[in-house]
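Here is the structure we will look at.
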There are 2 protein chains.
Amino acid sequence: MYVIIVYDIKVERVNKVKSFLRQHLFWIQNSVFEGELTNSEYKAVTDGLLNIIEEDEDSVIIYQLMMEESLTRNVLGVEKASVDDVIL
Amino acid sequence: MYVIIVYDIKVERVNKVKSFLRQHLFWIQNSVFEGELTNSEYKAVTDGLLNIIEEDEDSVIIYQLMMEESLTRNVLGVEKASVDDVIL
């Protein structure tokens, strides 16, 4: 599956979340990661995030796409990360 | 079409972007909006954003889904906004 993860994490945990997500996905923009995950990787990512975040203070949204063909991306302004590897 | 907009905007313009997007979409999380747009609304949103942002300093990603049925959302932690109106 293809996932887009956006998060709003308290500053004291944000680097930990970023480092963790970098192991699995591509950094796209401040607080946004994307990439292809298998079902077991998806579980590893959600479990890992739940271990790091404080569920009453932080927020993570995982958008999950079964058919990545149905997604297009339009970037206005600065392209923060190279998305060559993840262009759909 | 269904769109997810994520942005990274310099602090001096961020409220303007937020106010503008609130007119067209649902606020979901810090720096994330979602909603259904017609083609002409999509054009109005992108044109409006381009009028507000500085293209060499700010970044906006618009994910556009032709088939919203292919998208699921999983929220970990705090649900920042009520998503009753936008649950897919």
Side-chain angles (χ1 to χ4, degrees), chain A residues 1-11 13-14 17 20-21 26-34 37 42-43 45-83 86-88, chain B residues 1-11 13-14 17 20-21 26-34 37 42-43 45-83 86-88:
Chain A
M1 75 191 76
Y2 197 80
V3 301
I4 302 164
I5 296 187
V6 296
Y7 54 85
D8 187 10
I9 305 285
K10 281 264 169 100
V11 66
R13 287 180 293 276
V14 72
V17 165
F20 173 73
L21 289 176
F26 297 96
W27 179 77
I28 297 296
Q29 194 194 68
N30 186 33
S31 310
V32 185
F33 279 80
E34 279 183 35
L37 296 177
Y42 178 83
K43 190 176 176 336
V45 167
T46 53
D47 289 350
L49 286 169
L50 286 169
N51 279 337
I52 298 169
I53 70 169
E54 292 293 329
E55 289 186 62
D56 56 345
E57 293 188 332
D58 303 325
S59 178
V60 179
I61 304 175
I62 307 175
Y63 296 102
Q64 189 181 334
L65 284 141
M66 289 309 159
M67 299 162 63
E68 65 181 81
E69 303 74 26
S70 68
L71 181 73
T72 55
R73 185 203 292 113
N74 184 12
V75 181
L76 310 180
V78 182
E79 190 123 34
K80 293 281 172 123
S82 162
V83 290
V86 290
I87 280 177
L88 301 176
Chain B
M1 75 190 76
Y2 197 80
V3 300
I4 303 164
I5 296 187
V6 296
Y7 54 83
D8 186 10
I9 304 284
K10 280 263 169 100
V11 65
R13 288 179 294 275
V14 73
V17 166
F20 173 73
L21 288 176
F26 297 98
W27 179 77
I28 297 295
Q29 195 195 66
N30 186 33
S31 310
V32 185
F33 280 80
E34 280 182 34
L37 296 177
Y42 178 83
K43 190 176 174 341
V45 167
T46 52
D47 288 352
L49 286 170
L50 286 169
N51 278 336
I52 299 168
I53 70 169
E54 292 292 331
E55 290 186 61
D56 56 344
E57 293 187 333
D58 303 326
S59 177
V60 179
I61 304 176
I62 307 175
Y63 296 101
Q64 190 182 334
L65 284 141
M66 290 308 158
M67 300 162 63
E68 64 181 82
E69 303 76 25
S70 69
L71 182 73
T72 55
R73 184 205 291 112
N74 183 13
V75 181
L76 310 180
V78 183
E79 190 123 35
K80 293 280 171 123
S82 162
V83 290
V86 289
I87 279 177
L88 301 176

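Labels below follow one simple rule: chain letters A, B, ... track the order of the sequence lines, proteins then strands, and each chain is numbered from 1. Note: hydrogens, waters and symmetry copies are ignored here, and every other heavy atom, side chains too, is used. The structure presented is a predicted model; accordingly, all values stated were derived computationally and were not measured.
B:T46 touches chain A through backbone and side chain together, each having a heavy atom under 4.5 Å away. In this structure, the portion of A:D56 lying under 4.5 Å from any heavy atom of chain B is its backbone and not its side chain. No part of A:E54 comes within reach of chain B, as not one of its non-hydrogen atoms sits under 4.5 angstrom from that chain. Contact annotation for B:N74: both backbone and side-chain heavy atoms come within less than 4.5 Å of a heavy atom of chain A. Only the side chain of A:V32 comes within contact range of chain B, judged by heavy atoms closer than 4.5 Å. Only the side chain of B:I53 comes within contact range of chain A, judged by heavy atoms closer than 4.5 Å. Heavy-atom distances place both the backbone and the side chain of B:D8 under 4.5 Å from chain A. With a threshold of 4.5 angstrom between heavy atoms, A:I4 approaches chain B through side-chain atoms but not through N, CA, C or O.
Considering CD1 of B:I5 and CG of A:L76, their distance stands at 8.0 Å, rounded to 0.5 Å.
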*B:V6/A:I28 under side chain to side chain contact (heavy atoms under 4.5 Å, CB included): CA gap, chis, key distance, verdict*: CA-CA 10 Å; B:V6 296; A:I28 297 296; over 6 Å; no
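The two residues B:Y63 and A:R73 make their nearest non-hydrogen contact at CE2-NE, 3.9 Å. Of all heavy-atom pairs spanning A:Q29 and B:I61, the tightest one is NE2-CG1, 3.6 Å.
Here B:L50 is the residue among B:L49, B:I9, B:L50 with the most heavy-atom pairs under 4.5 Å with chain A.
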